[in-house]
Amino acid sequence: EAAVTQSPRNKVTVTGGNVTLSCRQTNSHNYMYWYRQDTGHGLRLIHYSYGAGNLQIGDVPDGYKATRTTQEDFFLLLELASPSQTSLYFCASSDAGGKDTQYFGPGTRLLVL
Amino acid sequence: GEQVEQLPSILRVQERSSASINCTYENSASNYFPWYKQEPGENPKLIIDIRSNMERKQIQGLIVLLDKKAKRFSLHITDTQPADSAMYFCAASNTGANTGKLTFGHGTILRVHP
């Protein structure tokens, strides 16, 4: 099975804080995604990428930046964290982008106080 | 963009009965419909999918049906077991757009009671 790892697994920060969530996949997948999961909303796409240096805006991008530094690594940046960004964040990757299975990482639980 | 509605939000069934989850979508160009299962504390994992060139697909006790005219697709779990208790998500995608975007439903919590 495809391997997607995320770090940290848990993070607590304060309002206005700066947070970086990391995701790495080792399956040579081209496509990577960042989602947030909230009760009553399911999984919502924040940003995604087709490859190194590429960034696409998802459905709920406000307050988030992202950067894809290599094919393996995709980062989600919260430069001024707010309590509304308290959530469970998942990274995922896929080979053929929408034509193939998305493999999810283990998730990062973020609490913004 | 696409919108996916998923019902019910909570489903309680007795062990060995069947469970059905229904989803509708808006974009007639959507042609790929995966289902993910998420166990407590775990990540979502693909359990079955169907593409628009099919109306029915079965993998063991999982059956998915697709009605393109009604823009509706459904997951049926036959002979449910307590191990089937989890959150289930449907999703839709237009693979022809090459965006890689999946739009997920809000999820269904399935509880299978012994």
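A note on names: the letters A, B, ... follow the listed sequences, proteins ahead of strands, and every chain is numbered from 1. Worth knowing before you read on, the calculation uses all heavy atoms, side chains too, and leaves out hydrogens, waters and symmetry mates.
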If two hydrophobic side chains count as joined below 4.5 Å and joins carry through other members, does B:Phe104 share a cluster with B:Tyr32? yes
Are B:Phe33 and B:Ile63 connected into the same hydrophobic cluster when the rule is that any two of I, L, V, M, F, W, Y join if their side-chain heavy atoms are below 4.5 Å apart? no
B:Met54-B:Leu75 co-clustered via ILVMFWY side chain contacts under 4.5 Å: yes
Taking every non-hydrogen pair under 4.5 Å, which of A:Gly107, A:Pro106, A:Gly105 racks up the most with chain B? A:Gly105
Testing the basics here: between A:Phe90 and B:Gln38, what is the closest heavy-atom pair and its distance to 0.1 Å? CZ-NE2, 3.5 Å
Indicate, with yes or no, if B:Tyr88 and B:Ile10 share a hydrophobic cluster defined by side-chain heavy-atom contacts under 4.5 Å among Ile, Leu, Val, Met, Phe, Trp and Tyr. no
Note, A:Tyr31 side chain near B:Lys101 side chain (heavy atom, < 4.5 Å): no
Tell me the residues of residues 48-61 of chain A whose non-hydrogen atoms fall below 4.5 Å from those of chain B, in number order. A:Tyr48, A:Tyr50, A:Asp59
B:Asn43 CG to A:Gln6 CD distance, which is reported to the nearest 0.5 Å: 8.5 Å
Linked, directly or transitively: A:Ile46 and A:Val112 (ILVMFWY side chains, under 4.5 Å): yes
Once the angle between the rings of B:His106 and A:His41 is folded into 0 to 90°, is it parallel (under 30°), tilted (30 to 60°) or perpendicular (over 60°)? tilted
Does some side-chain heavy atom of A:Gln102 sit less than 4.5 Å from a side-chain heavy atom of B:Leu46? no
Residue pair B:Pro44 / A:Leu43, side-chain heavy-atom distance below 4.5 Å: yes
More than 12 foreign heavy atoms under 6.0 Å from CD of B:Glu15: is that the case here? yes
What are the two closest heavy atoms between B:Leu102 and A:Tyr35, and how far apart are they? CB-OH, 4.0 Å
